[in-house]
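Report on the structure given below.
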Amino acid sequence: MEIVHTIKDLQAALAALRAQGKTVGLVPTMGALHAGHASLVKRCVAENDAAVVSVFVNPTQFNDKNDLAKYPRTLDADCRLLEQCGAAFAFAPSVEEMYPEPDTRQFSYAPLDTVMEGKYRPGHFNGVCQIVSKLFEAVKPDRAYFGEKDFQQLAIIREMVRQLKFPLQIVGCPIVREEDGLALSSRNARLSAEERQQALKISQTLFASRDYAKSHTVAETQKFVEDAIEAAPGLRLEYFELVDGNTLQKIANWEDTSYAVGCITVFCGEVRLIDNIKYKE
Ligand code: PAF
């Protein structure tokens, strides 16, 4: 595996592959890689001739500077994992490389980006679209891979690709969980042992709500999740929304959609965790 730090070097290496008619896949990441990322990278390796994995903590998507400062940075360990997964390139640019000048572009995909994370993290998806579009322009991948844990991000990126006509395929990949159910996240590394135990209640509640939903209304299921999280020690619910998986708008009845998803954000101590579950698809 080659580790490259500049767009110029990456493009030179990819041009040689493209000249031989090879396909290129991209997995954008912010590093602190775990088995969830590994599953994306392995799929990218399997479906393309060469897999590029970007490792870049993108400052423009952090509306909370403290969160940016605390975001784990583990490039050496990340590169070891990427090598094991069979990636051809780790692309680890500096902030100056990706943002030689301030990015003033505005991306707006309302109503997808005005709800949930868009409401609680103003500017977050604008920053995500800034960096992801720059990566698409730099790498020009045939396919790009994103996890379903960031369910809203995936929907917004699909919409950006559709509207801006990026000639590539977006591949959404299922959430990877710890054996006990906790969704894998780079932020889990910041949980104390006690918080790690408390955080388990998030996925447990979502799984229980899927059974509960079979014989209860949307409003009852909403209350079931809210009550369970609010009663759980160490957790603070930011939001839980039952939405249509395509439009991300709230549903009132199960019959409103054939694709119902519950999206949740919970603070466990200082750590903000997200998860989601499909009720109907
Ligand atoms: O999902 C992430 O880790 C980030 O939002 C992404 C897509 C790598 C953009 O920085």
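Atoms within each ligand, like the ligands themselves, are counted from 1 in listed order.
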Single-linkage hydrophobic cluster, 4.5 Å side-chain cutoff, V95 and L68 together: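 Unlinked, V95 and L68 end up in two clusters.
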
Residue, atom name and distance, where the atom is the protein heavy atom closest to atom 3 (O) of ligand 1: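 Looking only at protein heavy atoms, the one closest to atom 3 (O) of ligand 1 is M30 CG, 3.7 Å.
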
Which residue and heavy atom of the protein sit nearest atom 7 (C) of ligand 1, plus the separation: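 Looking at atom 7 (C) of ligand 1, the protein heavy atom closest to it is Q153 NE2, 3.5 Å.
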
Test item: K140 side-chain N/O and E137 main-chain N/O as donor-acceptor pair under 3.5 Å: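 The answer is yes, because a donor-acceptor pair under 3.5 Å joins these two groups.
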
Heavy-atom donor-acceptor pair, S186 side chain to A32 backbone, under 3.5 Å: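 Yes.
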
Ligand 1 to Q61 polar contact by distance, N or O atoms, under 3.5 Å: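 Yes, since at least one N or O of Q61 sits under 3.5 Å from an N or O of ligand 1.
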
Show the atoms of ligand 1 that are less than 4.0 angstrom away from any heavy atom in [X].
X    : answer
P28  : 8 (C)
I131 : 9 (C), 10 (O)
D150 : 1 (O)

Candidate pair F125 and Y109, rule ring pair (Phe, Tyr, Trp, His ring centres under 6.0 Å), full reasoning: CA-CA 9 Å; F125 288 123; Y109 298 111; 10.0 Å; no

Which segment of T29 sits under 4.0 Å of ligand 1 when only heavy atoms are counted: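 It is the backbone that touches ligand 1; the side chain stays farther off.
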
Carboxylate-amine/guanidinium proximity below 4.0 Å for D256 and K280: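 Between K280 and D256 there is no salt bridge, as every charged N stays at least 4.0 Å from the carboxylate O atoms.
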
Ion pair E159/R162, N-O distance below 4.0 Å: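 Looking at R162 together with E159, the answer is yes, because their closest N to O distance falls below 4.0 Å.
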
